[in-house]
Amino acid sequence: SDQNLALIGGNIMTAGSRAFGIVLPKIPTLDQNPLVAHLVIEGLFRAVNADFTQAIATKNEAGMEAVIANRYQLLAILIPEKITPELVEKEAMGHRVQFYLQTRNFDKYRLLAVASANKLMAVPMDSVLAKNEAAFNRFQVQTALFPDSVEQKDDFKRYAKSMKKAETGQMAMKLNNLAWAYYENLSDPTDLKQALTWSDKSLAYERSGGYLDTYAHLLSKLGRKAEAIKFQQEAIATEKAAGHDTAELEKGLAEMRAK
């Protein structure tokens with residue numbers, strides 16, 4: 001019964017269990033019972049995530065690859081119309097990057113990080129700006145019939161503003177995250193200089209306080225103190241102008257000055 005499926009799904013501890021293989025193909029039959037479907041799907045994803053945590057803890061690459069395969073099976077059943085080679089690659093890449101970073105296998109992590117960054121760096125700025133415009137146009141069409149009472153709300157205005165820079169915001173975030181991971185985990189000047197180029201490109205897309213902070217920290221780790229202080233001061237000024245708390249940024253500035 002559906003109730004039995006919910007009970008089994010909620011108690012699966014690993015995707016390697018026989019129960020996982022039994023419950024997985026039953027998901028499409030639960031269309032008429034959304035609550036049970038939710039409990040089953042939640043249980044299956046929880047099992048896959050537990051396997052990933054275990055793979056990281058034991059530095060088990062085969063276990064990590066099994067997680068990628070099991071997530072693919074889940075997604076293929078849940079959103080078959082959205083499964084594309086690009087999505088499959090993105091899912092696999094994300095898990096491998098996280099695995100090698102958390103297991104501190106920096107040789108393999110570096111290869112994947114550089115490959116990801118190179119793809120981002122190769123995208124022409126004009127094409128990203130064009131995607132910004134297209135995304136905002138879609139947003140305007142989708143919200144054209146919203147009442148004025150909704151459009152005048154601060155949350156709506158903030159969201160509308162963010163949609164004008166949706167694609168550049170994503171590019172900036174991805175480049176910044178790669179650069180910050182290098183700052184936190186690597187110390188070779190060659191690596192740090194490479195990360196600095198990614199951080200610099202993120203600032204070309206979005207000159208936010210957080211991204212300026214990343215750039216400043218990389219400069220500081222490279223021993224370029226004066227430049228680091230300058231960019232950290234800009235990060236603080238940018239965040240203050242936006243009305244944000246700057247305590248952590250100011251702490252970072254004090255640390256840079258003390259070096």
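Bear in mind that the values here come from a model prediction, so they are computed numbers and not experimental data.
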Practice problem: Answer yes or no: does atom CZ of F106 have more than 12 heavy-atom neighbours from other residues, nucleotides or ligands under 6.0 Å? | Solution: yes

Quiz item: Nearest 0.5 Å, what's the CG-CG distance between L112 and D107?
Solution: 11.5 Å

Quiz item: Of all heavy-atom pairs between S208 and L203, which one has the smallest distance, and what is that distance?
Solution: O-CD2, 4.5 Å

Quiz item: Quick one: are M171 and V123 in side-chain contact, heavy atoms under 4.5 Å?
Solution: yes

Practice problem: Among Ile, Leu, Val, Met, Phe, Trp and Tyr joined by side-chain contacts under 4.5 Å, find the other residues sharing a cluster with L253 and list them by chain and number. | Solution: I229, I236, L249, M256

Quiz item: NZ of K259: more than 12 outside heavy atoms within 6.0 angstrom?
Solution: yes

Quiz prompt | L120 vs L178 side-chain heavy atoms within contact, under 4.5 Å | solution = yes

Quiz item: When rounded to the nearest 0.5 angstrom, what distance separates CD in E227 from CG in L218?
Solution: 12.0 Å

Quiz item: Is F20 close to V48 at the side-chain level, that is, under 4.5 Å between some pair of heavy atoms?
Solution: yes

Self-check item: For R110, the option from N185, N105, D191, D188 that meets side-chain contact (heavy atoms from CB on, under 4.5 Å)
Solution: D191

Exercise. State whether the side chain of K221 and the backbone N or O of P189 hold a donor-acceptor pair below 3.5 Å, judged by distance alone.
Key: no

Practice problem: Can you run down the ring pair (Phe, Tyr, Trp, His ring centres under 6.0 Å) pairs that involve residues 214-256, sequence neighbours left out, and say none if there aren't any? | Solution: W180-H217, Y183-H217, Y215-F231

Practice problem: Consider only side-chain heavy atoms of I, L, V, M, F, W and Y, link residues closer than 4.5 Å, and tell whether L24 and I79 are in one cluster. | Solution: yes

Quiz prompt | Gap separating the OG atom of S199 from the CD atom of Q194, nearest 0.5 angstrom | solution = 13.0 Å

Quiz item: Has the side chain of E206 got a donor or acceptor atom that lies under 3.5 Å from a matching backbone atom of A172?
Solution: no

Self-check item: Shortest non-hydrogen contact from S220 toward A228
Solution: N-CB, 3.6 Å

Quiz item: How long is the gap from CG on N70 to CG on L75, to the nearest 0.5 Å?
Solution: 11.0 Å

Quiz item: Is there any side chain to side chain donor-acceptor pair (under 3.5 Å) pair reaching into residues 90-99, and which pairs are they, with sequence neighbours excluded?
Solution: E65-R96, R71-E91

Quiz prompt | Nearest atoms (heavy-atom pairs only) where G63 meets A55 | solution = C-CB, 3.9 Å

Quiz item: Which heavy-atom pair separates V88 from Y72 by the least distance, and what is that distance?
Solution: CG2-CE1, 3.7 Å

Quiz item: Taking side chain as C-beta onward, heavy atoms only, is L78 less than 4.5 Å from F45?
Solution: yes

Exercise. Verify whether one side chain among Q54 and D51 offers a donor that lies under 3.5 Å from an acceptor in the other.
Key: no

Quiz item: Is atom CE of M13 surrounded by more than 12 heavy atoms (other residues, nucleotides or ligands) closer than 6.0 Å?
Solution: no

Quiz prompt | Check: E61 and K108 side chains under 4.5 Å, non-hydrogen atoms | solution = yes

Practice problem: Can you measure from OG1 (T246) to CG (D213) and round to the nearest 0.5 angstrom? | Solution: 11.5 Å

Self-check item: Smallest separation among heavy atoms of S17 and I12, with atom names
Solution: OG-CG2, 3.6 Å

Quiz item: Less than 4.5 Å apart, any side-chain heavy atom of I77 and any of P28?
Solution: yes

Self-check item: Donor-acceptor pair, side chain of N132 and main chain of E167, under 3.5 angstrom
Solution: yes

Practice problem: Could you check if a side-chain atom of Y182 sits within less than 4.5 angstrom of a side-chain atom of N177, using non-hydrogen atoms only? | Solution: no

Quiz item: Going from CZ on R46 to CG on L39, what distance comes out if it is rounded to the nearest 0.5 angstrom?
Solution: 9.0 Å

Quiz item: Within the distance-only criterion (no hydrogens, no angle test), does the side chain of T238 pair as donor or acceptor with the backbone N or O of E234 below 3.5 angstrom?
Solution: yes

Quiz item: Shortest non-hydrogen contact from L101 to A181?
Solution: CD2-CB, 4.3 Å

Quiz item: Got more than 12 heavy atoms from elsewhere within 6.0 Å of NZ, K225?
Solution: yes

Exercise. Using the rule that two of Ile, Leu, Val, Met, Phe, Trp, Tyr join whenever any of their side-chain heavy atoms come within less than 4.5 Å, decide whether V97 and M64 are in one cluster.
Key: yes

Quiz item: Any side-chain heavy-atom pair from D245 and E239 closer than 4.5 angstrom?
Solution: no

